[in-house]
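Both counts, for ligands and for their atoms, begin at 1 and track the order of listing. Both backbone and side-chain heavy atoms feed into the values below; hydrogens, waters and symmetry mates do not. All of these numbers come straight from a predicted model, not from anything done at the bench.
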Amino acid sequence: MTRKLFVKSYGCQMNVYDSHRMADTLAPEGFVETASPDDADLVILNTCNIREKAADKVYSELGRIRELKEAAAADGRRVTVAVAGCVAQAEGNEIFRRERSVDVVVGPQSYHRLPDILRRAEHVRTIDTEFPAEDKFGQLAQPTRAAIRKRGLSAFITVQEGCDKFCTFCVVPYTRGAEVSRPAAKIIAEAEHLAGAGVREITLLGQNVNAYHGEDGNGRTTTLGRLMHRLADIPGIARLRYSTSHPCDMNDDLVAAHRDLPALMPQLHLPVQSGSDRILAAMNRGHTRADYLRQIERLRAARPDIAFSSDFIVGFPGETEQDFGDTLRLLGEVGFASAYSFKYSPRPGTPAAGMEQVPEAVKNERLRRLQSAIEKCQAVFMDACVGMTFDVLFDKPGRHPGQIVGRSPYLQPVPVIGPASLIGEIAPVTILEVRTNSLFGALAHAPAQPAQSRETVGA
Ligand code: SAH
Ligand code: SF4
Ligand code: F3S
């Protein structure tokens with residue numbers, strides 16, 4: 001019997017990956033994905049708990065799903081509602097108490113058990129927020145070729161999950177558990193499977209992806225840098241990325257991979273959170289402002305055209321105007337290509353939630369100032385791209401006839417006039433003009449050479 005599945009992902013890229021793997025695991029059970037909750041027999045909300053706003057969104061969404069579920073029941077159709085992800089892990093049974101429409105609560109470490117959980121949920125509300133010992137990734141099904149093609153040329157692979165860092169503001173160590181790395185052979189097999197179906201770009205995921213230390217098959221552990229070398233050798237894989245990294249785990253292998261592997265894109269998301277040593281210490285980040293700047297220098301020495309993005313938190317408990325000034329200065333010193341900024345959100349059970357809070361009005365004002373400084377950095381970076389030639393991976397037709405759109409090494413959308421036959425291919429493009437968030441360019445007539453981007457893009 002075919003049933004329709006609607007999965008919605010909130011939060012980070014790992015949640016998107018997890019949603020795909022849940023859908024893949026439910027496919028052999030007869031579930032086919034649908035784009036709308038209206039006709040779904042099973043709705044999965046894959047939730048995020050990182051900030052209060054993200055967690056609250058779940059309950060408003062569940063209110064809407066309850067109406068759908070009740071309307072379907074009036075027509076004699078049963079709709080099963082599952083809450084997955086980090087809110088499920090953090091709130092557990094509380095979700096059943098707050099929302100009567102929910103049938104299943106399932107935490108990120110139990111997704112491989114979904115088929116069984118759903119069978120049980122036909123009779124009784126079912127919760128699974130354990131951290132089971134069995135190999136979750138080994139039991140989650142791989143996508144079919146058709147599913148891979150539908151998801152596009154770029155794919156995610158989780159290589160590391162969980163976090164042992166315990167930054168004082170963060171829920172992730174509680175919701176995702178302790179750091180676990182997958183064996184290299186499993187990751188390579190997954191990448192080969194994706195490449196075989198046409199995937200050209202892989203982003204390796206982990207909460208602390210550069211702390212990766214999976215088995216290499218000889219009873220030893222390997223590093224992310226060495227894993228990159230093996231992935232770069234897979235036919236068809238032209239681009240590699242990884243996210244999210246911690247400044248304390250930038251080891252020599254990984255820095256060397258940036259120097260030696262043209263497939264490893266010259267773009268790195270390296271969250272710093274604050275430019276103030278006092279606040280970094282209170283956050284338990286394990287590094288100073290100078291340590292962070294040293295990592296940036298090392299990476300630039302290895303790969304001069306590398307561009308950085310980051311995450312910032314404003315209004316962390318105890319942040320003074322001077323601390324915030326240090327953050328603004330760091331932004332200028334590094335020259336980030338882009339950055340995300342967040343107001344500190346106290347999370348239940350984390351140490352910082354119990355510290356003396358910064359008033360909301362102060363947070364709002366600092367966020368505005370930080371965001372306008374980030375916008376200026378972004379504009380500087382975009383403007384500097386004009387006149388450069390770099391490789392673009394074309395992934396779809398453009399909005400106008402005769403146009404195709406791809407991504408630069410720095411992830412900016414690049415529309416050009418070009419043949420649809422280039423979709424799925426990489427070709428060098430000369431950037432002519434900045435248009436809001438994209439770079440308009442023209443195909444350069446040289447054949448694509450991966451090494452070329454390194455010589456022509458000076459950061
Ligand atoms: N694993 C990633 C972080 C995931 S959370 C890492 O270690 O970088 C993504 C971002 O959300 C963090 O970098 C941080 O800037 C922000 N964040 C996390 N907890 C937060 C909180 N309590 N309030 C505001 N922002 C937070
Ligand atoms: Fe959260 Fe810090 Fe771990 Fe990142 S390193 S997931 S911010 S505790
Ligand atoms: Fe959110 Fe969990 Fe990812 S809290 S950011 S979904 S690890």
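- Note that R98 lies in the cation-pi zone of Y59, set by a 6.0 Å cut-off to the ring centre and a 45° limit from the axis.
- Close approach to T244 involves these atoms of ligand 1, each under 4.0 Å from a residue heavy atom: 2 (C), 6 (C), 8 (O).
- Of the protein's non-hydrogen atoms, D311 OD2, 3.7 Å is the one closest to atom 9 (C) of ligand 1.
- At a heavy-atom distance under 4.0 Å, no atom of T244 approaches ligand 2.
- Residue contact check: C86 has heavy atoms under 4.0 Å from atoms 2 (Fe), 4 (S), 6 (S), 7 (S) of ligand 3.
- The atoms of ligand 2 that sit less than 4.0 Å from any heavy atom of N208 are 3 (Fe), 5 (S).
- Within the listing of ligand 2, atoms 5 (S) sit less than 4.0 angstrom from a heavy atom of H246.
- Close approach of ligand 3 to Q207 (heavy-atom distance below 4.0 Å) involves ligand atoms 7 (S).
- Proximity of S345 to ligand 1, defined as any heavy-atom pair under 4.0 Å, is shared by backbone and side chain alike.
- Residue contacts with ligand 1: F169 is placed with a nitrogen or oxygen under 3.5 Å of a nitrogen or oxygen of the ligand (distance criterion only).
- Using a 4.0 Å cutoff on heavy atoms, K165 does not count as a contact of ligand 1.
- Between L118 and L26 there is a side-chain heavy-atom pair separated by less than 4.5 Å.
- Here is the list of ligand 3 atoms found below 4.0 Å of a heavy atom in C48: 1 (Fe), 4 (S), 5 (S), 6 (S).
- Between F169 and F342, the distance separating the two ring centers is not shorter than 6.0 angstrom.
- Using a cut-off of 2.8 Å, one finds that C12 contributes no N/O/S atom close to atom 2 (Fe) of ligand 3.
- Heavy-atom contacts of K343 reach the following atoms of ligand 1: 23 (N), 24 (C) (cutoff under 4.0 Å).
- Salt bridge status for E134 with R113: present, with a side-chain N to carboxylate O gap under 4.0 Å.
- Contact analysis puts R176 in contact with ligand 3, with a non-hydrogen atom separation below 4.0 angstrom.
- Side-chain contact between S341 and I374 is present, with at least one heavy-atom pair separated by less than 4.5 Å.
- Nearest protein neighbour of atom 2 (C) of ligand 1, counting heavy atoms only, is Q207 O, 3.7 Å.
- Within the 4.0 Å heavy-atom criterion, both parts of I50, backbone and side chain, lie near ligand 1.
- Only the side chain of C163 comes within 4.0 Å of ligand 2, judged by heavy-atom distances.
- Residue-level proximity to ligand 2 for P271 is absent, since no heavy atom of it falls below 4.0 angstrom.
- The shell of residues lying under 4.0 angstrom from ligand 2, judged by heavy atoms, excludes R176.
- Of all protein heavy atoms, the one lying nearest to atom 14 (C) of ligand 1 is Q273 OE1, 3.3 Å.
- Under the 4.0 angstrom criterion for non-hydrogen atoms, R347 is in contact with ligand 1.
- Checking only distances, R51 does come within under 3.5 Å of ligand 1, N or O to N or O.
- Residue F166 touches ligand 2 through its backbone alone, judged by heavy-atom distances below 4.0 Å.
- Looking at R3 and E29, no side-chain N of the basic residue comes within less than 4.0 Å of a carboxylate O on the acidic one, giving no salt bridge.
- The structure places CZ of R347 at 12.5 Å from OH of Y174, a figure rounded to the nearest 0.5 Å.
- If you look at H258 and Y242, their ring centroids are closer than 6.0 Å.
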